[in-house]
Amino acid sequence: MNWYLEALKKYAIFSGRSRRKEYWYFFLFNLIIHFILIIIDTLTGTYNQEAGMGLLSTIYFFAVLLPGIAVSVRRLHDTNRRGWWILLSLIPIIGAIVLLIFMVQDSTPGENRFGSNPKESVSEP
């Protein structure tokens, strides 16, 4: 949970680097919260089958959209890639697969053009 909150604290910071742990915990908690909100939307009647979204889950999606993009860009920086690589997600299927491969790769050891290695410079939150 600390990694999720850490990513939210840096919600609009696109510079620097993020560890795999920070990125994947943020992804995991977003997924869990989103599913819980869909269940709540369904139980309260605010889920729209035709649109495929509910009131609470849509509000949450837009609330974490910018932090999600920011942590993704910082994760790409950690693998020594520019944040613009995130635009690969616009290419159906292939783009998602390539980004998945980038996101699971280990950090660039030592310092790179985006800053120092977060594994070496930060203790566990």
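What you see is a predicted model; the values in this text were computed from it and never measured. For this chain, numbers begin at 1 and follow the sequence in order.
Met103 places a side-chain heavy atom less than 4.5 Å from the side chain of Leu76.
Not counting sequence neighbours, the partners of Thr44 by the side-chain hydrogen bond (donor to acceptor under 3.5 Å, both in side chains) test are Thr46. Applying the side-chain hydrogen bond (donor to acceptor under 3.5 Å, both in side chains) test to Asn48 and every residue at least two apart in sequence or in another chain returns nothing. In this view, Thr58 and Met53, Phe62 satisfy the side-chain contact (heavy atoms from CB on, under 4.5 Å) rule, not counting sequence neighbours. Judged as a salt bridge (charged side-chain N to carboxylate O under 4.0 Å, His left out), and not counting sequence neighbours, the contacts of Arg20 are Asp106.
With a 6.0 Å radius and a threshold of 12 heavy atoms from other residues, nucleotides or ligands, Leu87 has its CG atom above the threshold. For Phe35, the CZ atom is loosely surrounded, since the number of other residues' heavy atoms within 6.0 Å does not exceed 12. More than 12 heavy atoms of other residues, nucleotides or ligands lie within 6.0 Å of CZ in Phe102, so this atom counts as buried by the packing criterion.
Of the possible donor and acceptor atoms, one in the side chain of Arg17 sits under 3.5 Å from a partner among the backbone N and O of Gly115. At least one donor-acceptor pair under 3.5 Å links the side chain of Arg74 to the backbone N or O of Ile13. Asn112 places no side-chain N or O within donor-acceptor distance of the main-chain N or O of Thr79, the cut-off being under 3.5 Å. Distance alone, capped at 3.5 Å, is enough to place a donor-acceptor pair between the Asp41 side chain and the Ser57 backbone.
In summary, the side chains of Asp78 and Ser18 do not present any donor paired with an acceptor at a separation below 3.5 Å, with no hydrogens or angles considered.
Closest approach of Glu22 to Trp3, counting heavy atoms only: CB-CE3, 3.6 Å. Among all heavy-atom pairs drawn from Ala70 and Tyr11, the shortest one is CB-O, 3.6 Å. Contact detail for Arg75 and Val104: the closest heavy-atom pair is NH2-C, 4.4 Å. Contact record, Ala7 with Pro67: O-CB, 4.4 Å, taken as the closest heavy-atom pair. In terms of heavy-atom proximity, Ser72 sits nearest to Ile86 at CB-CD1, 3.3 Å.
Interatomic distance, Gln105 CD to Leu100 CG, rounded to the nearest 0.5 Å: 10.0 Å. Atoms CD1 and CG, on Ile40 and Leu56 in that order, are 6.5 Å from each other to the nearest 0.5 Å. Within the model, atoms CG of Leu99 and CZ of Arg81 stand 9.5 Å from one another, a figure rounded to the nearest 0.5 Å. Within the model, atoms CG of Leu43 and CD1 of Ile38 stand 12.0 Å from one another, a figure rounded to the nearest 0.5 Å. Summarising the geometry, atom CG belonging to Leu66 is positioned 10.5 Å from atom CG belonging to Leu8; distances are rounded to the nearest 0.5 Å. Summarising the geometry, atom CG belonging to Leu28 is positioned 9.5 Å from atom CD1 belonging to Ile33; distances are rounded to the nearest 0.5 Å.
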Open item on the list: For a side chain to side chain contact (heavy atoms under 4.5 Å, CB included) check, start with the C-alpha distance between Glu6 and Arg19, then their side-chain angles and the critical distance, and finish with the verdict.
Closed with: CA-CA 11 Å; Glu6 184 70 24; Arg19 297 175 64 168; over 6 Å; no
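In this structure, Ile101 shares a hydrophobic cluster with Ile93, Ile97, the cluster being traced through Ile, Leu, Val, Met, Phe, Trp and Tyr side chains under 4.5 angstrom apart.
Legend: side-chain hydrogen bond (donor to acceptor under 3.5 Å, both in side chains) pairs involving residues 23-35, not counting sequence neighbours, sorted by first then second residue: Asn30-Tyr60.
Note: the hydrophobic cluster containing Val64 also contains Ile32 (ILVMFWY, side chain heavy atoms under 4.5 Å, direct or indirect links).
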